[in-house]
Amino acid sequence: MEVRNKGAAPIRVVLAKLGLDGHDRGLKVVARILRDAGMEVVYLGLRQTTGTIVDAVEQEDADVVGISMHNAGHLTLAPLIVAALADAGLGDVPVVIGGVVPDEDLDELAAAGVGAVLGPGASAVEVVASVRGVVDAGVRASGN
Amino acid sequence: MHPDRRTLSGIPVDPVYGAGPLPGEYPYTRGIHAGMYRDRHWTMRMFAGFGTAEDTNGRFKELLRSGGTGLSTAFDMPTLMGRDSDHPLAIGEVGRAGVAVDTVEDMADLFADIDLAAVTTSMTINGPAPILLAMYVAVAEEGGVERGRLAGTLQNDILKEYQAQKEYLFPPRPSVRLVTDVIRFTAAEMPRWNPVSVSGYHIREAGSTAAQELAFTLANGFAYVEAAAAVGLDVDDFAPRLSFFFNSHSDLFEEIGKFRAARRIWARWMRERYGARDERSLKLRFHTQTAGVSLTAQQPEVNIARVALQALAGVLGGTQSLHTDSYDEALALPSQEAARIALRTQQVIAHETGVADVADPLGGSAYVEWMTDELERRAEEVFDRLDDEGGGSILEGVYAGIESGWFMGEIAESAYRFEREVNAGDRVVVGVNAFTEGDEGRSSRLLRIGQDTEDLQRKRLAEVRLERDGSAVRTALARVADEAGRPGANLMPALLDAVRTRATVGEVVEVLEDVFGTYVETAVV
């Protein structure tokens, strides 16, 4: 696989809805916020599975994955996508969860390997900072 | 109800003020009934659904006990998407954001000990709507209540799914055939049932403006009228039972103008364009829900004030029924305590404020009348566009707008514009970008649905599959496939037979997908 210089190129982010949940307003707004911030957005949209998301991350050489969840299923589904990435050898690609996530679930999601969580009302500045933050942390950890 | 009303200070007030056309008179801008809420309050219909059918049945009974006057069912995502609880795609979503219904057994548990001849029931279901209606009829008839006595509403509005809510199963045209199958069935056999609730709610929640909500929703309504006429129904045979469902957001007078404009547009179009003669066909009846998307996770108690004001707009706009959102819904499904406060909010408006004493109390206000006219004008621009696109058919224009992604693009654009305004501080959201406290004190008493519910529901489903007569199920599903393949046939009788054999929602949907195909949208960001 071609290795990009992750420090210099624009951040490439895959955005998806995992599962049956159809609430895509937030994810679409986030797509535009990230694009306006200079990132490359690969918008997978609705009804994705862990398999289709992992394939896209691999093919697009993505730096980060954003998953939107409004189905109260995040404690079940978020660990599944983290595990699926790890199984595919993409464990260094951080996962950001956005949507309806209560504060009391943050510790459990962090323990499951989720890089960051953007709850209801997160501002554009917070969205961009959060995605940059997890990518930068990953870049530093891998010593690039 | 009390015929004469007085203010808190004892001043007697008339049922209506101002010049005609009065409420109850064409074009019904001021309301569809002369007496409005002085004759009868709106129905306080609280939307509920979570976990297993027993869980939701308990909430239904609590809402009826505390003064709710109608039921409204929220199904979970797998049910909305026509997937059984044991389907691989259902993982993590069973019973989480609504109630799980796989078979008629679940439907029976959902309404256990509730007299279906006495309540009105609304079911928020679209793609698999005919299947769930069949289950409701089967449960009622197994309990001795004939279908003709059932009163309620099936959302069954598939067009807005492609535009906004995204819970579609089949391509648009066969899906609209299912809608007209339900319209034909209820027109013939269920005179008290509303076969479609043409819904702007989800269009608005997905990000549209009030003007877009109004225009797209009424255009979808016209599309169903054209589709039903195309299968041979006379407009006055079904239009009286078409109902609507709108969002009530925070801009008070814009919302009130929207509701008033909706009534006037519908009345005129039904009479002038579609040739309706029955007065009931001209009267736009609607349910209202406060704007879920306006609720904030920050300082959530403030949502109680937002909901009260939005509910007031619905009442001042002349709604026939109302759901008030719970203050904790930005974070989870409503807890019982929060749902009760939301219901009590409606009761305060109905019984303490006096706004129910006079019909259309804002009629004649220069601002409200101007807003009504302006929203109507903007809606007519959209109808012109769709009519042109469709070559003189709104139905074809709506199909074209779905296929080209036009509706989606318009809605996404409005959603992004709103977000930019909030982020720039041009639009204040209390507790979010202004009047913040630092630690916003998120609510901790949230309703949580765990993995145990999912496991339990799968076990129940496995038991039903084991106990039913497998060959009867196969025969019934084969008949569904046959009828689906015959364009002139009505699928409802075959669906009733199938659900009675305990065929699952997912099994029926898979059979229909084999005939109709599936639909994958081209995303517009």
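Protein chains get the first letters and strands the later ones, always in sequence-line order, with residue 1 at the start of each. Values in this document were obtained by computation on a predicted structure and should not be read as measured data.
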Exercise. Is any side-chain N of the basic residue among A:R25 and B:E419 closer than 4.0 Å to the acidic one's carboxylate O?
Worked result: no
Exercise. Is any NZ, NE, NH1 or NH2 atom of the basic residue among B:K160 and B:E205 found under 4.0 Å from an Asp or Glu carboxylate oxygen of the other?
Worked result: no
Exercise. Just wondering, more than 12 heavy atoms not from B:E421 lying within 6.0 Å of its CD?
Worked result: yes
Seminar exercise, completed: If you tally heavy-atom pairs under 4.5 Å between each of B:V293, B:V94, B:T296 and chain A, the highest tally belongs to B:V293
Exercise. Relative to chain B, which of A:L18, A:L80, A:D24, A:T49 shows the most heavy atom pairs under 4.5 Å?
Worked result: A:D24
Exercise. What residue, out of A:V100, A:L77, A:L20, A:I33, has the most heavy-atom pairs lying under 4.5 Å from chain B?
Worked result: A:L20
Exercise. Should B:E161 and B:K166 count as an ion pair when the cut-off is N to O under 4.0 Å?
Worked result: no
Exercise. For the candidates A:H70, A:M69, A:K28, which exhibits the highest count of non-hydrogen atom pairs separated by less than 4.5 Å from chain B?
Worked result: A:K28
Exercise. Using non-hydrogen atoms only, which part of B:A332 is less than 4.5 Å away from chain A: side chain, backbone, both, or neither?
Worked result: backbone
For this session: For chain B, find which of A:L27, A:L75, A:V41, A:D36 contributes the most heavy-atom pairs closer than 4.5 angstrom.
Result: A:D36
Exercise. Within a radius of less than 6.0 Å around CG of B:D426, do more than 12 heavy atoms belonging to other residues, nucleotides or ligands occur?
Worked result: yes
Seminar exercise, completed: Among A:H23, A:R47, A:R35, the residue with the most heavy-atom pairs under 4.5 Å to chain B is A:R47
Exercise. Which word best sums up how the rings of B:F170 and B:F516 line up, parallel for under 30°, tilted for 30 to 60°, or perpendicular for over 60°?
Worked result: perpendicular
Exercise. Looking at B:E454 and B:R96, does any basic side-chain N land under 4.0 Å from a carboxylate oxygen?
Worked result: yes
Exercise. Taking B:A523, B:P88, B:G207, B:A97 one by one, which has the highest count of heavy-atom pairs under 4.5 Å against chain A?
Worked result: B:G207
For this session: Name the option with the most non-hydrogen atom pairs under 4.5 Å to chain A; the candidates are B:E167, B:Q165, B:R448.
Result: B:R448
